[in-house]
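The structure appears below as structure tokens.
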Number of protein chains: 2
Amino acid sequence: MADFVIRRSPVKPCDCNLARSFELIGDRWMLLILRSAMYGVRRFDDFQAELDVPRSVLSARLAALVDSGIMERREYREEGQRARIEYPLTKMGNQLGLPFFAMTEWGDRWLAEGEPHFGLRSRANGQKLRVALVDERGRPVKPQDVQFVVDDKVWPPEEPDKARRKSR
Amino acid sequence: MADFVIRRSPVKPCDCNLARSFELIGDRWMLLILRSAMYGVRRFDDFQAELDVPRSVLSARLAALVDSGIMERREYREEGQRARIEYPLTKMGNQLGLPFFAMTEWGDRWLAEGEPHFGLRSRANGQKLRVALVDERGRPVKPQDVQFVVDDKVWPPEEPDKARRKSR
DNA sequence: AAGCCTGAGTTCAAAATATGGACTCATTGG
DNA sequence: CCAATGAGTCCATATTTTGAACTCAGGCTT
């Protein structure tokens, strides 16, 4: 796009909500724990066995997830069993489904070995679903039509011809 | 959903493309480097200054990104300058834009302090864009209508009544 | 009643990574 | 010739991770 050099991103990491998300969950174990959680895994030992994550790390990560409101720590009791703990996703946690599925599609496209195992489908008409950018009326938009906007201005800015004169 | 306990996810981490993606880029610095790269940052020292990442870590991460095909390491020369190195995103890297934007929306919703700075807009009609699940005809689908499918079967499976009898 | 099992952790030493700072090296501008 | 810049490397210290063993409580078995 821009053929002049961009030296800084227009949104400082510290007030970027994407960067903030990454601070919270941008860590291999976090992400893998959340992946399992999306599929319905809820118990300490089940996460541990599925991922083979060190128990101390799992313990720390679950605490952080609860702490940030992505999971909840809850006692439950199956009939005739003693009380146990489960870690279900909250609504906040569940809404990670969309970014995760977008990421899955990326993985399907670029990292797949064989056919993907997982997909989404419409209960209404059985069609396969995919992630897309849509406008306010819900109409999909072509990639070439997508513009970045930062604080209501288009990014990157048009190269002003001066750019060449007033160096750096 | 299911009120029986799910003890394993239906897609083993090792053949899950989401898990594979996380192995590759699921790390704080990776993700932050990619965030900056999406905005057009391309040079070693610029990443370093923007993120304040240790130079040795940056060096290792960029190598890994190049190695996995997400970035390219390229010499370039501005007129009258000596050759320099830049790390532009490849097509593979650029397509992380969609998952990243989905993640940004999640951050906007759950982590924001004040108004978000970043958004996408349609060049065609200037409307704000958002990420959505659409069916094969590009029609948005309501969250309640979304089903997980694993190897062509709905997940989680209906609870068979037997489930209670044949313990565990 | 004694022992066993399970889920949910905690503890701890050893190994792997990250951090911050100084250092290198090549090229170019003054 | 000197200083500056970009793109790294090197290294000692600090922090995290790992893996394994240990704890603790409640219920189940015999």
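In what follows, chains are A, B, ... by sequence order, proteins preceding strands, each numbered from 1.
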For a 4.5 angstrom cut-off between non-hydrogen side-chain atoms, does Asp108(A) reach Glu115(A)? no
Is the gap between the ring centers of Phe44(A) and Tyr87(A) under 6.0 Å? no
Please pick, from dG29(C), dA7(D), dT17(D), the nucleotide with the shortest atom-to-atom distance to any side-chain atom of Asp27(A). dT17(D)
Arg28(B) vs dT17(C): side-chain N/O to OP1/OP2 distance below 4.0 Å: no
Between Trp29(A) and dT18(D), is there a side-chain N or O to OP1/OP2 distance below 4.0 Å? yes
Are Asp27(B) and Asp27(A) close enough that some pair of their side-chain heavy atoms sits under 4.5 Å apart? no
Any ion pair linking Arg20(B) and Asp15(B) (charged N to carboxylate O, less than 4.0 Å)? no
How close or far is atom C1' of dG7(C) from atom CD of Glu75(A), stated in whole angstroms? 12 Å
Between dA7(D) (P) and Phe44(B) (CZ): distance, integer Å: 8 Å
Gap between atoms CD and P, on Gln48(B) and dG6(D) respectively (whole Å): 12 Å
Would you please confirm or rule out a distance under 4.0 Å between OP1 or OP2 of dG9(C) and any side-chain N or O of Tyr87(A)? yes
Ignoring backbone atoms, establish whether Arg73(A) has a side-chain N or O less than 4.0 Å from OP1 or OP2 of dG9(C). yes
Starting at the 5' end of DNA chain D and moving along, which residue's nearest nucleotide shows up first, Tyr76(B) or Asp52(A)? Tyr76(B)
Output yes when at least one side-chain N/O atom of Arg55(A) is less than 4.0 Å from OP1 or OP2 of dT18(D), else no. no
Return the value, rounded to whole Å, for the distance between atom CZ of Arg84(A) and atom P of dG27(D). 9 Å
Nearest to side-chain heavy atoms of Ile85(A), which nucleotide of dG9(C), dT18(D), dA18(C): dG9(C)
Atom-to-atom span, CD of Glu78(B) to C1' of dG6(D) - whole angstrom: 12 Å
Arg7(A) side chain N/O closer than 4.0 Å to the phosphate oxygens (OP1, OP2) of dG6(D)? yes
Kindly say if Arg82(A) contacts the phosphate of dC24(D), meaning a side-chain N or O under 4.0 Å from OP1 or OP2. no
Would you say dG8(D) has OP1 or OP2 under 4.0 Å from some side-chain N or O of Arg43(B)? no
What is the distance, to the nearest angstrom, from the CE atom on Met30(B) to the P atom on dT17(C)? 13 Å
Can a side chain N or O of Ser59(A) be found less than 4.0 Å away from OP1 or OP2 on dT10(C)? yes
Pairwise side-chain contact, Cys16(B) with Phe118(A), heavy-atom cut-off 4.5 Å (strictly under): no
To the nearest Å, how far apart are Met71(B) CE and dA7(D) P? 13 Å
Rounded to whole angstrom units, what separation is found between the CG atom of Leu58(A) and the C1' atom of dT17(D)? 14 Å
